[in-house]
Every structure is written in C-alpha cells, then in structure tokens.
4 protein chains.
Amino acid sequence: MTTNDEGARQPARKIRADAQRNEQALLAAAASVFVTSGVEAPVRDIAAAAGVGMGTIYRHFPTRADLVVAVYRHQVEACAEVGPVLLAKSGSPHAALSQWVNLFVDFLVTKHGLAAVLQPGSAGFDALHAYFLDRLVPVCAQLLAAAAQAGEISDDMDAYELMRGIGNLCIGADNDPRYDARRMVKLLIAGLLQVRST
Amino acid sequence: MTTNDEGARQPARKIRADAQRNEQALLAAAASVFVTSGVEAPVRDIAAAAGVGMGTIYRHFPTRADLVVAVYRHQVEACAEVGPVLLAKSGSPHAALSQWVNLFVDFLVTKHGLAAVLQPGSAGFDALHAYFLDRLVPVCAQLLAAAAQAGEISDDMDAYELMRGIGNLCIGADNDPRYDARRMVKLLIAGLLQVRST
Amino acid sequence: MTTNDEGARQPARKIRADAQRNEQALLAAAASVFVTSGVEAPVRDIAAAAGVGMGTIYRHFPTRADLVVAVYRHQVEACAEVGPVLLAKSGSPHAALSQWVNLFVDFLVTKHGLAAVLQPGSAGFDALHAYFLDRLVPVCAQLLAAAAQAGEISDDMDAYELMRGIGNLCIGADNDPRYDARRMVKLLIAGLLQVRST
Amino acid sequence: MTTNDEGARQPARKIRADAQRNEQALLAAAASVFVTSGVEAPVRDIAAAAGVGMGTIYRHFPTRADLVVAVYRHQVEACAEVGPVLLAKSGSPHAALSQWVNLFVDFLVTKHGLAAVLQPGSAGFDALHAYFLDRLVPVCAQLLAAAAQAGEISDDMDAYELMRGIGNLCIGADNDPRYDARRMVKLLIAGLLQVRST
DNA sequence: GATGAATGAGTCTTCATTCAT
DNA sequence: CATGAATGAAGACTCATTCAT
C-alpha cells in the first residue's frame with residue numbers, strides 16, 4: 001500500500017520510517033519478550049528489545065492488553081476461522097471440536113504466561129480476556145451445538161465455561177515437563193462424550 | 001512480659017508456650033487474611049491481623065510457602081487420609097476417585113488464589129507445591145491404580161499430571177460466576193472412563 | 001517555494017494565507033482548550049483541537065508564553081486602552097482606577113489558570129509575565145499617579161506591585177465558590193484610600 | 001553483640017535509632033528542602049536530604065500533605081494561639097487583626113511555594129488546605145467579629161474568604177524583589193476599614 | 001510548510017526482607 | 001524472642017520537544 005513508487009526508496013535507517021514498520025518491529029519484539037518473560041514483561045524491556053522508546057509503545061498500544069491482543073491477533077483469528085472448516089470437513093462434530101481445541105491448546109501452551117492472564121479480572125488484561133472470548137467462544141459454541149445436534153454430547157455444555165476450563169488447563173504447561181496440557185484437555189473433551197447420557 | 005521470675009526457671013517451657021500460642025494466632029490470622037486477600041497477601045497485613053511483628057512471621061515461617069502449608073496442613077492431611085477410606089467404602093474405584101477429587105476441588109476453590117500458586121515455579125511457593133504433591137499425588141495414584149486394576153480406566157494415567165490438571169481447573173473459580181470448576185473437573189474425571197479403551 | 005504548479009506563481013501569498021488561517025485556527029482552538037484545561041494544557045491537546053500538528057504550534061509560537069500572549073492579546077490591549085478612557089470620563093481618578101481594575105479582574109478570573117502563571121518565574125511563561133506587565137503596568141501607573149495627584153491616595157504606591165497583588169488575588173478564583181476575587185480586589189483598592197493618610 | 005564491646009564502636013552510624021529522632025530529622029530535612037525546592041519537591045530528594053529511604057517517609061507521612069502539615073504544624077499552632085492574645089492586648093480589634101495577619105504573612109512568605117498549594121484542589125494537598133483553614137479561619141473569624149462588634153469594620157466579611165485572599169497575596173512573594181506581600185496585605189486589611197461604611 | 005512519530009527523563013508508590021533495640 | 005523501622009529495587013506512565021518525511 002505504501003510501496004510501488006517508481007523511485008528506489010531505501011528503508012531509511014531506524015528513523016520514524018513508516019510507523020507501520022515500527023509497529024511491526026514492536027510486535028515482533030513483544031512476541032519475543034513474551035516468550036521469555038511472559039506477557040507481563042516490563043514495558044521498558046519490550047521497548048528495549050524493539051529498540052524504541054517506551055513512549056512509542058504507549059502510542060501504538062495504550063494498554064498492555066492492546067499490545068498482547070495485537071501480538072496474538074493473527075493466530076487467534078486463524079484459530080477462530082478454522083473452526084467451521086474443521087466442522088465441515090469432519091464427519092463427527094465431536095472430532096472436529098477435539099481437533100479445534102487441540103489447535104487452541106497448541107497455541108496457548110507456547111505462549112508463556114498467556115493462559116494465566118486470560119482469567120477475568122487479571123488487572124489490566126480485561127480487554128485481552130474479552131477479545132479471546134468474543135472471538136473464540138462463538139466458534140466453540142458452534143462446534144458444541146453441532147455435536148449436541150448429532151447426539152454425540154449433551155446439549156447443556158456452556159462454551160464459555162469449556163473455554164475457560166481449557167485455558168486453565170494450559171496454565172504453566174510450559175516449564176513443567178511432567179505436565180502435558182494436551183493430554184488433560186483431551187481427557188476433558190473425552191469427558192464430554194461420557195457425560196452425554198447423564 | 002516473657003519471663004519475670006527471679007526464681008525457678010522451667011526448662012524454657014513457658015517460652016515455648018508463648019511461641020506456640022503465637023504460632024496459633026498466626027495461623028488463624030493468616031487463614032483469615034488469605035480468604036479475603038489471597039495467599040499472596042502482604043506480610044504486613046498478616047502480621048497486623050495476628051497482632052505480631054513481621055519478624056515473628058519470618059521466624060516461624062521462613063518462607064511464605066511454609067506459612068501457607070501450615071495454614072492448610074490439616075485440611076490437606078484430612079484429604080489425603082480420606083482417599084483410602086473412600087476407596088474401601090466404594091464398590092467402584094473410579095467412583096471413589098471422583099468423590100475424592102470433588103473433596104479436593106471443594107477445598108481448593110474456597111481458598112482464594114491458592115490454586116494459582118500451586119504451580120511449580122510460583123516464585124517462593126515451591127515448597128507449597130512440593131507439599132501438596134508429596135501428600136496428595138500418592139493418594140491419587142492409589143485410586144488411579146485401583147481403577148485401572150478394576151479395568152475402569154486406562155493404566156497409563158499419571159497421578160501428578162492429573163492433580164496438576166485438577167488444580168489448574170480450580171484457578172480463578174471464585175470470582176467468576178460463569179465458571180464452575182467442579183463441573184469441569186467432573187468432565188475431566190469422566191474423560192478417564194472414556195479414554196479407557198483408547 | 002514548495003509549490004509546483006506550472007502556472008502563475010503568486011508572490012507566495014497563497015501560502016501566507018494558509019499559514020494565517022492556521023494561526024487563527026490555532027488561536028481559537030487554544031483559547032477553547034485553555035478555558036477547559038487551563039493555560040498549561042498539553043501541547044498535543046491544543047494541536048488536536050486546532051486540527052494541526054504539534055510542529056505547527058511550535059513554528060508559530062516557539063514558546064508556550066507566545067501562544068498564551070497571542071490568545072489574550074486583543075483583550076489585554078483593549079484593557080490597556082480603556083484605562084485612559086476611564087480616567088478621562090471619571091471625575092475621580094480612584095474611581096477610574098477601581099473600574100479599570102474590575103475590568104482586569106473580570107478578564108483574569110474567567111481565564112482558567114492564567115493568573116497562576118502570571119507569576120514571574122513560572123517556568124516557560126516569563127514572556128507572558130513580561131507582556132502583561134509591559135502593557136498594563138504603565139496604565140495602572142497612570143491611574144495611580146492621577147489619583148495621587150488628586151490627593152485621593154498616597155503617591156508611593158507601585159503600579160507593578162499593585163498589579164501583582166491583583167493578579168494574585170485572582171488565582172484559583174474559579175473553582176472555589178466561597179472565594180470571590182472581585183470582593184477582595186475591591187477591598188485592596190479601597191485600602192488605597194485608607195492608607196493615604198498613613 | 002552490636003553494643004559497646006571492648007572495641008571502639010562509634011554510636012552506630014545511621015541506625016534506626018529512635019524512630020522519633022528519625023522523624024525529627026525528616027521534618028528538618030523536609031523543611032530545608034521545601035525552602036529551596038518548594039513543597040512539591042520530589043520525595044526522593046527529601047529522603048536523600050534526610051539520609052533515609054523513601055519508604056521511611058511514606059511510613060511516617062503517608063501523604064505529602066501529612067508531611068507538609070507536620071513540618072509547619074508548630075508554626076501554624078503558634079499563629080492560631082496568638083490571635084486571641086493579640087485581641088486581648090490590643091485596644092483596637094482591627095489593629096489586633098492587622099498584627100495577627102502580619103504574623104501569618106511573615107510565616108507564609110518565607111515558605112517557598114506553600115501559599116501556592118494552599119489553594120483548594122491542589123492535587124494531593126487537600127488535607128493541607130483543610131488543616132490551615134480549620135486552624136486559622138476560626139481565629140480570623142473571631143478577630144473579624146470583634147472588629148465588627150467594635151464598629152471598626154463591616155460585619156459581612158467572611159473569614160474564609162479573607163484568609164484565602166491573604167494567602168493568595170503571598171504567592172510568589174519570595175523570588176520577586178519588586179513585590180512585597182506584606183504591603184499588599186496591609187492594603188487589604190486597611191480596605192476593611194474603608195469599606196466599613198459601604 | 002506541515003505533520004506527528006519517537007524519545008526518555010522524571011516521579012510516585014509498594015513491599016519483601018533485614019536487623020537494631 | 002519479638003518488634004516494627006528502614007531500606008531500596010522495580011515498574012508504570014506522562015509529555016515537552018525534536019526532526020525525518
């Protein structure tokens with residue numbers, strides 16, 4: 001969008017350049033810092049990693065939640081979009097749900113500390129919590145509904161609650177080699193089938 | 001105020017009594033503060049509630065984990081002890097497991113913030129983590145083994161992992177009316193039956 | 001100079017017009033922001049209100065004092081000019097002084113925070129201080145001299161000092177319903193008569 | 001072990017000593033810093049001047065207003081108490097008022113920046129404002145009433161308003177050699193006599 | 001000429017932990 | 001033994017001013 005001028009415009013050192021590029025650098029740096037120090041890493045650290053002043057971060061992302069959301073937006077969107085696809089491709093809605101949940105878990109467990117702040121009330125992260133829920137709960141609800149429709153599971157499972165449970169199971173999954181969130185989530189999803197007839 | 005008599009000095013038992021009384025007051029006060037402010041409540045608050053100096057807390061409980069463990073020791077012990085009892089009383093080991101787990105969950109969800117610091121690596125809470133695990137994982141393992149023996153569940157379920165999963169499901173269960181940890185844990189335990197034949 | 005049209009190049013008047021329009025917008029916007037946020041309002045806010053960049057403000061008004069002076073210049077000028085008029089119209093120089101002072105006070109108390117930065121040494125407002133004084137002290141001096149001449153007041157009253165006192169009395173006069181700067185100033189001016197014979 | 005062993009141990013350098021002594025040092029240091037940097041001086045500066053950590057300041061004086069009040073309490077109290085004395089000793093209530101006001105002004109003008117934060121609404125100084133008013137307005141009211149009773153002045157002068165006016169006149173009185181707050185206040189008080197018959 | 005992105009110093013405040021008394 | 005005063009690191013946030021585009 002800002003490209004294709006006939007002239008040969010070099011990227012202009014570290015300058016303000018396109019603020020867009022700066023924002024990208026910020027996002028990349030934040031993502032990087034997040035994996036090592038968690039999403040609660042000091043603003044100064046993130047700024048340093050991105051090679052910008054702290055003010056720049058506040059300009060682009062007024063609250064920390066804004067930054068976190070921005071960092072993970074693509075992946076969350078992708079996750080949200082793949083739900084219906086899986087449902088369409090799979091003969092069993094419950095299997096589709098299972099696969100979808102696995103993708104979500106794979107995403108979550110690799111994001112140091114993310115699951116922990118997904119809790120409602122994580123001071124300053126409400127927007128983050130809200131975003132994840134707004135985006136993913138409906139997808140989950142759709143899969144759940146389909147499975148219930150197919151008679152695979154009970155129809156009284158609340159999508160929000162299930163997502164919260166899954167998120168919780170992912171907390172601290174990294175840095176504990178003895179704990180495999182994926183296995184636990186699998187168990188949880190399997191439980192849906194079992195409880196069906198209850 | 002501590003001694004005073006120029007005469008007979010008992011073998012330092014009087015002092016011990018003081019110390020013990022102090023420790024009891026501390027435990028009670030800590031328990032009380034924990035329910036309102038969580039287990040991460042400022043040391044000063046706890047000291048104030050107990051009517052002692054902060055130094056006294058450090059003397060009796062060098063690390064915060066020590067204090068937390070002391071506060072909940074009775075309940076954890078009781079929980080550990082009831083495991084075998086349930087197993088003996090119940091015809092189905094899985095049912096016993098389920099009941100036992102429910103007791104654990106009931107304990108955990110009423111302890112504001114406790115589940116959250118049960119994670120390994122919760123700065124300063126390692127001893128807490130260790131205690132809970134040392135005490136409860138074996139019980140869980142016993143129940144699990146019995147259920148596996150009875151053919152109710154697969155025999156490859158790791159007790160540590162299951163306990164971690166259960167603990168995780170309890171995080172933030174208070175202060176979120178839309179989330180019922182008990183339901184999720186029930187699902188998880190039910191999943192054990194389902195996965196059996198896998 | 002930065003233009004490019006192959007056609008008639010006006011003597012750079014078009015640009016001037018732009019700049020002038022900008023300056024007017026700036027003045028209006030600043031005045032508006034000043035009443036709500038005081039004369040110490042963030043530069044960014046003023047720029048935003050004017051719909052221009054911050055750089056534009058700095059170009060037109062290198063220091064904040066320059067901007068403030070520009071915003072109130074018309075009113076200050078009017079105030080300065082009305083002094084002699086009042087003196088000519090009024091039989092009593094002291095009465096003229098009193099009326100003139102009232103006009104000044106009316107101006108000041110409606111300018112949120114202005115009186116406060118009229119102090120000498122209000123970091124960055126020296127030019128403001130200087131302007132007000134340069135413009136108004138002579139007028140005040142003239143009125144004072146006339147009153148002294150008429151024997152209404154002592155002749156040792158310093159105009160600068162009186163203006164400072166009046167300005168001070170106006171500080172914080174808004175946002176305190178229990179304080180009426182006009183009354184206090186009236187008292188001060190009345191005092192001039194009293195001290196006469198001292 | 002830390003006490004007077006045979007070695008030459010000086011009085012234990014900066015120790016905690018009596019907290020009282022510490023508080024005194026704090027008060028002295030604060031007073032000193034206030035005169036050079038104003039009452040809004042950075043907490044760190046005050047702490048440094050007192051040779052204590054910042055936490056110590058917060059312990060003794062939770063809010064800045066608390067510190068400021070403590071620093072000036074003695075003088076304010078003395079001022080409050082001398083009011084009735086002056087009234088008793090002086091034949092003219094107005095003269096007593098004048099003397100009392102002079103004492104107040106002498107106090108205020110030597111306290112760099114104090115008058116400025118005496119304004120209501122000086123973020124974080126409300127307690128300060130309240131203290132000064134609570135303590136001094138009644139005294140002023142008493143003197144005012146006596147003067148009105150004696151027929152020296154009108155009886156509609158509000159003590160709060162007058163004190164505010166006096167306080168305002170003292171703003172910035174230091175650091176401006178051309179401005180003498182005492183003279184202005186004298187004028188103001190003189191005005192009371194003049195306005196009497198209005 | 002105008003724009004507005006970037007910088008980064010400067011402050012406040014909390015709390016775990018130590019240690020003089 | 002108990003007390004609680006003192007320490008000081010740590011981290012968030014604002015905003016004036018510059019300067020590349």
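Since the structure is predicted, the reported quantities are computational estimates derived from the model, not experimental observations. Chain letters run A, B, ... following the sequence lines, proteins first, then strands; residues in each count from 1.
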Between [N] ([atom2]) and [X] ([atom1]): distance, integer Å:
X     : N      : atom1 : atom2 : answer
D:R59 : F:dG8  : CZ    : C1'   : 14 Å
D:D45 : E:dT11 : CG    : C1'   : 10 Å
A:E23 : E:dG4  : CD    : P     : 16 Å
D:L67 : E:dC12 : CG    : P     : 12 Å
B:F61 : E:dT17 : CZ    : P     : 15 Å
B:I46 : F:dG4  : CD1   : C1'   : 16 Å
B:I57 : F:dC1  : CD1   : P     : 17 Å
A:R21 : E:dA6  : CZ    : P     : 11 Å

Below 4.0 Å: OP1/OP2 of [N] and any side-chain N or O of [X]:
X     : N     : value
D:N22 : F:dA6 : yes
A:T56 : E:dA5 : no
C:H60 : E:dG1 : no

Under 3.5 Å, which N/O atoms of the protein pair with N/O atoms of nucleotides 14-16 of chain F?
| residue | atom | partner | partner atom | Å |
| --- | --- | --- | --- | --- |
| F:dA16 | OP2 | C:V43 | N | 3.2 |

Working to the nearest 0.5 angstrom, can you tell me the gap between [X] [atom1] and [Y] [atom2]?
X      : Y      : atom1 : atom2 : result
A:F61  : A:E23  : CZ    : CD    : 4.0 Å
D:I57  : D:R44  : CD1   : CZ    : 10.5 Å
A:L26  : A:I46  : CG    : CD1   : 8.0 Å
D:D66  : D:H60  : CG    : NE2   : 12.5 Å
A:D45  : A:S32  : CG    : OG    : 11.0 Å
A:L114 : A:L128 : CG    : CG    : 6.0 Å

Residue whose closest nucleotide on DNA chain E lies nearer the 5' end, D:P62 versus B:P62: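 Of the two residues, D:P62 wins.
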Using Watson-Crick or G-U wobble geometry with both distances under 3.5 Å, which nucleotide pairs with F:dT18?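 Pairing partner, where one exists within any strand: E:dA5.
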Main chain of B:F34, side chain of B:S37: is a donor-acceptor contact present, judged purely on distance under 3.5 Å?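 Judged by distance alone, no pair lies under 3.5 Å.
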